[in-house]
Amino acid sequence: MVKPHTKNIPISPEIRIGGKDIIFIAGPCAIESYRQARDIAMAMRKAGLHIMRGGAFKPRTSPHTFQGLGKEGLEILRQVADEFGLLVITEALSVEHLPLVMEYADIIQIGSRNMQHFPLLWAVGETEKPVMLKRGFMSTVEEWLLAAKHITTRGNPNIILCERGIRTASDAGSNTLDVNAIALLKETCPYPVIADPSHGTGRSDLVLPAAKAALAAGADGLMVEFHPHPPQALSDKEQAVALEVLPQFVEEMRALAGVLGREIV
Ligand code: PEP
Ligand code: MN
C-alpha cells in the first residue's frame, strides 16, 4: 500500500508540522503564574524549542480542582511566549471561548473530552487556524478521523491529530498511549500526528520511554508537560516532568530523531 503524503501544516513562516522535522511542544499542564510560565518559556528557548503549551481554560474531571486562570492565563502565556520568541498552543473549551482563545493562540487545541463536541468542531472548522484534535480517551481511531472530518468539511484543512492515551485494562499508568494508532495513522492518513506521552501515561517516570516509543512509531511531534516544581503543580502533578530535566529530555529525543533521520525543533 502506498503511504499517504503527510500534510505540512504551517504554524508560522518558519515552523511547520508534518515535515521532516519533529516538533517538540512543551509547557505546563496549566498556566499558574507569570513566574511559572516564564521559567518554562526560558528553558524552552535555551533548548531550541518553538511551541509552548499551557491551559488557561482547563477541562478538569472534578469541579473542586483548579480550573485554570482563564483570560489571565492566556495573557501570561502569550506574554512569555512573545518574550522568548515562541508560538502558542492552548485549549478552546467551548464555542463561547473560541473567539478569545483565537486572539492568543497559534494552534487551537481541542481536548480529549471534546473530541465529539460537534458545535466546537464546526466552529474551529470555520476558522483557518491550525487545530490540534486530541483523541477521545474512549474513542476509536475511526471515530477520531470522523471528528476531524467534521472540521475539514467546514473548510479548515489544517488538522493535527494528537494521540493522548486511551482507557484500557492496563494498570501501567492512568492511560495507555496507543502506539499502534500512531503507526497506523502514519500508514493511512495524511494528517500529522503528535503524541502526548504525559496524558498517555499519567506518570512522570514513564513519559520519556513512552515519548521514545511514539517517535519510533513515526510520530511527527511530541507534547510534554513540564513544571518547575512538580509536587506543587495545580493540575496533573503526577505526570509533570521536572523542568530541570528538560534539556536532557530534549537531548535524548534529538539522539533518537537522528537515528530516524529526522530532527527535533
Ligand atoms: C491537556 O492537554 O491539557 C489536556 C487537558 O489533555 P486531554 O484533553 O488529552 O485530557
Ligand atoms: Mn494536563
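Quantities reported herein were computed from a predicted structural model and do not represent experimental measurements. Note that ligands are numbered from 1 as they come in the structure, with each ligand's atoms numbered from 1 the same way.
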Below 3.5 angstrom, do we get any N/O pair linking Arg53 and ligand 1?
-> yes

Should the heavy atoms of other residues, nucleotides or ligands under 6.0 Å from CD of Glu143 be counted, would the total exceed 12?
-> yes

Quick one: sort the Phe118 and His150 rings into parallel, tilted or perpendicular, breaks at 30° and 60°.
-> tilted

Lys212/Glu252 salt bridge by N-O under 4.0 Å criterion = yes

For atom 8 (O) of ligand 1, find the nearest protein heavy atom and state the residue, atom name and distance (0.1 Å precision).
-> Ser112 N, 2.8 Å

Close-contact set for ligand 1 against Gly111 heavy atoms, below 4.0 Å = 8 (O)

Work out the angle at the Mn ion (ligand 2) between OD2 of Asp236 and SG of Cys29, rounded to 10°.
-> 100°

Would you call Glu225 and Pro28 a side-chain contact if the rule is heavy atoms closer than 4.5 Å?
-> no

Honestly curious: do Leu77 and Leu69 fall in one hydrophobic cluster under the side-chain, below-4.5 Å linking rule?
-> yes

Number the atoms of ligand 1 from 1 as they appear, then name those within less than 4.0 Å of a heavy atom of Lys58, with their elements.
-> 1 (C), 3 (O), 5 (C)

Do other residues, nucleotides or ligands put more than 12 heavy atoms under 6.0 Å from Arg167 CZ?
-> no

Step through the shown structure and confirm whether more than 12 heavy atoms of other residues, nucleotides or ligands are within 6.0 Å of CZ on Arg262.
-> yes

With the Mn ion (ligand 2) at the centre, find the angle made by NE2 from His199 and OE2 from Glu225, to 10°.
-> 90°

Numbering as shown, the atoms of ligand 1 that approach Arg164 to under 4.0 Å (heavy-atom distance) | 7 (P), 9 (O), 10 (O)

Can Gln109 be said to touch ligand 1, with heavy atoms closer than 4.0 Å?
-> yes

To the nearest 0.1 Å, how far is atom 6 (O) of ligand 1 from its closest protein heavy atom, and which atom is that?
-> Lys134 NZ, 2.9 Å

May I ask whether Gly55 has any heavy atom positioned less than 4.0 angstrom from an atom of ligand 1?
-> no

Would you kindly say whether Lys186 and Thr6 are connected by a side-chain donor-acceptor distance under 3.5 Å?
-> yes

Specify side chain, backbone, both or neither for Cys162, according to which of its non-hydrogen atoms lie closer than 4.0 Å to ligand 1.
-> neither

